[in-house]
There are 2 protein chains.
Amino acid sequence: MPRKVDADERRRHVVEALFRVAVRDGLARASLRTVADEAGLNIGSLRHYFASQSDLMRFAMRAMLEQVGERMRHGLADLAGQRGAPAAQRIRTAGKLLGELLPLDDVRRAEVTVFLDFAALARTRPDLHDLADEAARGSRTAVRRILAYVTGLSPRARALDVETERLLSLLDGLGINAVLHPDLVTADDAVRVVDAHLRALAR
Amino acid sequence: MPRKVDADERRRHVVEALFRVAVRDGLARASLRTVADEAGLNIGSLRHYFASQSDLMRFAMRAMLEQVGERMRHGLADLAGQRGAPAAQRIRTAGKLLGELLPLDDVRRAEVTVFLDFAALARTRPDLHDLADEAARGSRTAVRRILAYVTGLSPRARALDVETERLLSLLDGLGINAVLHPDLVTADDAVRVVDAHLRALAR
DNA sequence: CGAAAGCTATCACAGCTGTGATAGAAAGGT
DNA sequence: ACCTTTCTATCACAGCTGTGATAGCTTTCG
């Protein structure tokens, strides 16, 4: 069975092309043809790796979610070892961790930008429902764990219900506004807002 | 100059049709043809009132922004008369007012839903930039005034900078999450979160 | 009445889209 | 060498899209 090219490598390459198109022109314009062009591939080749548009979209979104999830998991793992740290330091590490969900550099800016389009699109695309739900649940439990770390409460504490939703919505809105209105909300602004929230929470 | 039909009435009718399509299938599918069908009009008739797709889109968004803005203005006007009210009551009226930006009933749910699509679309559509900016600035000053009312500070106070961004992002994220994941965030949840934020703020 | 303006309806066209089908080229195992 | 599988490249088709042009209807004014 001949295989001169690494299929996984190719798929990654295509996903990167899709991201560039989506950031530049919007996810709606990331068609098979435009993505193939951006990747320097013929549409026939692209379709050899992705059977349909839905396949391509799902694969790309999965790749993004796993990329963010991986970073989050790494950060969360480090959390266990410093449960007794002073409040000021816990707030700092929590802020650093939550920053993974904010557009603080080009990579994360692209992630948030594409995710915004993706979330909006998934609302009316049944084939994307499961991924959108998975993302929503994943970010919720991550934020909840971070809140448990900051407050010292158990992750199962009822008191974290509204606080989780509060912080998560804050992060989502902050990221979106930073992406949509970079002149009104800079990366520094976003960090300041999260920091203020955590400090207010620690009282 | 013959005018058997009221043009403004017609335009409102078309905008309502656009909203129904956008809520149901997404703003991207609100084409001239689908909107004309939804409104029970021929595409030729529709194009007599809206010269281009951009015209239709801009008119519909303007109508929505003015609708929300009108409600906000009314609420903000009532605020001036109760500047000396007890904290608990000020929080309640502030919450009521901020609720105008949340999907707490069918009308506001439609507004937030369409606005999400609109904001995402405007990012890559130069002809919508001005409207998106106007909306962003408008909601910011409204939230800032409400915060001034709650805290007793001047609307021009530097201390309100981060608090405004914090509350506004919270509202945006909350509305979006309530629209995208109604099973995870109900209308009651949203109200509870805003209330918790305001109470934490009043300390 | 007649003319003019507002309004409705339809055709045509170019440019997209996803997808099915198919034909070659390239490469590795036997 | 040959054959099989992978991969690349095209063509064709139906279904959308916005938009220009145009013809005909309807209503109201002079």
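All chains are named by letter (A, B, ...) in the order of the sequence lines, taking the proteins before the strands, and each is independently numbered beginning at 1.
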Any Tyr49(A) side-chain N or O less than 4.0 Å from OP1/OP2 of dT8(D):
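Indeed, a polar side-chain atom of Tyr49(A) lies that close.
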Which whole-number value in Å describes the distance from [X] [atom1] to [N] [atom2]?
| X | N | atom1 | atom2 | answer |
| --- | --- | --- | --- | --- |
| Phe50(A) | dG18(C) | CZ | P | 14 Å |
| Glu9(A) | dC7(D) | CD | C1' | 16 Å |
| Leu32(B) | dG15(D) | CG | C1' | 17 Å |
| His48(B) | dT19(D) | NE2 | C1' | 16 Å |

Interface residues of residues 51-61 of chain B with DNA chain D (non-hydrogen, below 4.0 angstrom)
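The answer is Ser52(B), Gln53(B).
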Does a salt bridge link Asp37(A) with Arg33(A), judged by any charged N lying under 4.0 Å from a carboxylate O?
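Salt bridge: no.
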Using only atom types and a distance under 3.5 Å, with no angle test, would you say the side chain of Asn177(A) pairs donor to acceptor with the backbone of Gly173(A)?
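Yes; at least one donor-acceptor contact below 3.5 Å.
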Arg140(A) side chain to Leu168(A) main-chain N or O, any donor-acceptor pair under 3.5 Å?
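Answer holds: no.
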Worked verdict on Arg144(A) versus Glu163(A) for salt bridge (charged side-chain N to carboxylate O under 4.0 Å, His left out):
CA-CA 8 Å; Arg144(A) 181 176 267 261; Glu163(A) 288 307 327; over 6 Å; no
Side chain of Arg33(A) only, please: which of dT19(C), dT17(D), dT8(C) is the nearest?
dT19(C)
Please tell me which of the listed nucleotides, dG20(D), dT8(C), dG18(C), lies nearest to the side chain of Arg47(B)?
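Selected nucleotide (nearest to the side chain): dG20(D).
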For [X] versus [Y], what's the shortest heavy-atom pair and its separation?
| X | Y | answer |
| --- | --- | --- |
| Thr124(A) | Arg24(B) | CG2-O, 3.7 Å |
| Ala187(A) | Pro103(A) | CB-O, 4.3 Å |
| Val15(A) | Ala63(A) | CG1-CB, 4.3 Å |

Counting only heavy atoms and a strict 4.0 angstrom limit, can you tell me which residues of residues 39-46 of chain B come near DNA chain C?
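Listed by number, they are Asn42(B), Ile43(B), Gly44(B), Ser45(B).
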Determine, step by step, whether Arg108(B) and Asp105(B) satisfy the salt bridge (charged side-chain N to carboxylate O under 4.0 Å, His left out) criterion, reporting the C-alpha distance in whole Å, the side-chain angles of both residues, the deciding distance to 0.1 Å, and the verdict.
CA-CA 5 Å; Arg108(B) 285 173 280 184; Asp105(B) 60 16; 3.2 Å; yes
